[in-house]
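Below is one structure, written out as structure tokens, with a few remarks after it.
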Amino acid sequence: MQPTRVIFFGTGNFAVSSLRYMAKDTRYDVMLVVTQPDRPQGRKQEYIPSPVKQAALRLGLEVWQPESIKEAIALARIRSYQPDVMVLASYGKILSQEILDIAPHGILNLHGSLLPQLRGASPIQTAIAQGYQETGVTLMVMDNKMDHGPLLAQQALTLTGKETTPELETLLADIGAELLRKHLQNYLDGTLAAQEQRHHAATFCQRIKKEDGIIDWEKSAVDLERHLRAYTPWPGSYTYWKGKKLTLHKALVSHEQSPLSPGTVYAMPSPSSRGSLAKIAISCGKGSLVVEEVQLEGKKLLPIEAFMRGCPKFVGGILLRAPQ
RNA sequence: CGCGGGGUAGAGCAGUCUGGCAGCUCGUCUGGCUCAUAACCAGAAGGUCGAGGGUUCAAAUCCCUCCCCCGCAA
């Protein structure tokens, strides 16, 4: 039997496991990998290929990076491969109806949430930021509304409350590949039918902006600790101290309520006796954040002990939302 | 030539403006104290001050060139 002709769309890390799986399974022939163009990154403005492009090249697959896939010439190129089905994960561009119609079996999407929860651009970060106890991956048939098409399969994952975005993304990426392995063939055979989403239950999440990383000290310590895990590595969770940007990388929640105004740094006496060093905490709207790793603008990421050696005046400092 | 911060003992930093003994906190090692300790006391080791060149009686410090790290930006 001829392998199924597949075109894969993807850009971010979330898509890499799926691509590797599709390339390896001999039932499928990944004829083309469509990914976003290389973007200038880093201090030298070097053009960095997307994670999917790097993986595709290593797998020896053909890569295409169109700036726009709406134009007729782009559509013609995709049609020329005569794909049976297309698979998309973390691609980052909206597809037109013309593209959705190209393959006989349409285009399937892997989405990093349990749809209809968290439709949109940041399901992984939002699940962490909002303290979800469970999230997962959905395999669905795309239609012309965002994350709206009928469902094929889902797999849930229980959250520990410790995971960061890159960690969770890796876990979900593997689940995505697993969903393809279990269900893609059944869908193509017609033995797995797609089921309409419960649209009234849909929730949504926005694309993350740089300003979303700013820490609002009026919020609770519980919310801010989730913020730290959700918004790493980008845009980071940051605040301003003496006009300089200070990024918090790691912190723990303390339910001790400080009388100091939110955003004030203080030394929290350690419960264990004389010898131990005081912990460094920041007063929040509710509770306190015990700081573990920080990075001051222009400096390296440091454990709090090392940071305090160089910046003992940090205690008593006021952290603000803007440089001032 | 995108903008800015930085490189000084194992770690984090001060000292640079205004040239004149290589410093601070912590760690490490030795000894002491102690029922005991991450505490306390006494002592010690540990430096190509990122690299090269220049100016000077004298350079971490001033001038030139280069390398590397970080933030912004993307």
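Because the structure is predicted, anything quoted here is derived from the model rather than measured. Proteins get letters first, then strands, A, B, ... in listed order; numbering begins at 1 in each.
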Measure the distance from [atom1] on [X] to [atom2] on [N] and round it to the nearest whole Å.
X         : N      : atom1 : atom2 : value
Glu305(A) : A11(B) : CD    : C1'   : 11 Å
Lys299(A) : G12(B) : NZ    : P     : 9 Å
Lys313(A) : U25(B) : NZ    : C1'   : 14 Å
Lys300(A) : G71(B) : NZ    : C1'   : 13 Å
Phe307(A) : G71(B) : CZ    : C1'   : 14 Å
His249(A) : G71(B) : NE2   : P     : 8 Å
Gln295(A) : C69(B) : CD    : C1'   : 11 Å
Lys244(A) : C13(B) : NZ    : C1'   : 13 Å

If pairing requires Watson-Crick or G-U wobble contacts with both distances under 3.5 Å, which nucleotide is the partner of [N]?
N      : answer
G4(B)  : C70(B)
C35(B) : none
U55(B) : none
G47(B) : none
U16(B) : none

Does Trp64(A) have Arg77(A) sitting over its ring (NZ/CZ under 6.0 Å from centre, angle to axis within 45°)? yes
Determine the Euclidean distance between corresponding [atom1] atoms of [M] and [N]; express it in Å to zero decimal places.
N      : M      : atom1 : value
A22(B) : U16(B) : P     : 15 Å
C21(B) : C68(B) : C1'   : 31 Å
A59(B) : G43(B) : C1'   : 33 Å
G4(B)  : A11(B) : P     : 29 Å
A60(B) : C17(B) : C1'   : 14 Å
U61(B) : U8(B)  : C1'   : 12 Å
G47(B) : U28(B) : C1'   : 16 Å
G54(B) : A14(B) : P     : 30 Å

Tell me if a side-chain donor or acceptor on Asp147(A) pairs with a main-chain N or O of Gly120(A) at a distance below 3.5 Å. yes
Just checking Gly310(A): base, sugar-phosphate only, or nothing, at a heavy-atom cut-off of under 4.0 Å? sugar-phosphate
The criterion is side chain to side chain contact (heavy atoms under 4.5 Å, CB included); which residues satisfy it with Gln117(A), sequence neighbours excluded? Leu114(A), Tyr132(A), Thr203(A)
Only counting residues at least two apart or in another chain, list the ones meeting salt bridge (Lys or Arg N to Asp or Glu O under 4.0 Å) with Asp223(A). Arg226(A)
If we only count heavy atoms from C-beta on, is the Met86(A) to Ile78(A) side-chain gap below 4.5 Å? yes
Measure from the side chain of Pro40(A), starting at C-beta and using heavy atoms only, and say which of A74(B), G12(B), G71(B) lies closest. A74(B)
Once you measure the plane-to-plane angle for His105(A) and Tyr187(A), does it fall in the parallel (<30°), tilted (30-60°) or perpendicular (>60°) bin? perpendicular
